[in-house]
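To start, the structure under review is shown below, and the notes come after it.
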Amino acid sequence: KGRPEVASIGPLIGGAILTGILINTGVEFVTPAALVAGLGLDAYAGYVCYQRFVATEMDPLDWPGAKVWPGVSLLACFLVFSAMGQGLVSLVGS
């Protein structure tokens with residue numbers, strides 16, 4: 001309960017790789033579209049990480065804690081979302 005499943009994480013990883021490749025193409029209309037797609041993908045990844053965080057049960061014998069990995073994953077999703085948002089704003093603003 002609360003552990004990652006390949007069925008839910010696999011497409012997210014593939015989408016993140018594809019989005020990264022498209023962002024780095026440098027094509028004028030592809031990069032903003034890839035950033036928007038990346039924002040949506042990362043928002044969904046954050047939602048999946050949040051569900052894992054809530055569903056993971058506490059175990060006093062599990063160090064550093066059962067909720068650490070889903071929590072760190074949620075933080076990473078937030079940081080990537082923030083970076084993509086800032087990239088999109090700077091790209092559209094210029």
Using a side-chain heavy atom cutoff under 4.5 Å and only I, L, V, M, F, W and Y, what cluster partners does [X] have?
{"X": "Val54", "answer": "Tyr50, Leu74"}
{"X": "Val68", "answer": "Val72"}
{"X": "Met84", "answer": "Ile23, Leu35, Val36, Leu39, Val80, Phe81, Leu88, Leu91, Val92"}
{"X": "Val27", "answer": "Leu18, Leu22, Phe29, Val30"}

Handout entry: Pairs meeting criterion side-chain hydrogen bond (donor to acceptor under 3.5 Å, both in side chains) with involvement of residues 29-49, two or more places apart
Key =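 Sorted pair list: Tyr47-Gln51.
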Handout entry: Partner of Ile21 under side-chain contact (heavy atoms from CB on, under 4.5 Å), chosen from Asn24, Ile17, Thr19
Key =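 Filter result, single survivor: Ile17.
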Exercise for the section: Under the side chain to side chain contact (heavy atoms under 4.5 Å, CB included) rule, collect the residues that match up with Leu79, sequence neighbours excluded. Expected result: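 In terms of side chain to side chain contact (heavy atoms under 4.5 Å, CB included), with neighbours along the sequence ignored, Leu79 is linked to Leu75.
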Handout entry: Interatomic distance, Leu12 atom CG to Cys77 atom SG [nearest 0.5 angstrom]
Key =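 Reported to 0.5 Å precision, the distance equals 8.0 Å.
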Handout entry: Inter-residue atom distance Phe78.CZ - Ser82.OG, 0.5 Å rounding
Key =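 So the CZ of Phe78 and the OG of Ser82 are separated by 5.0 Å.
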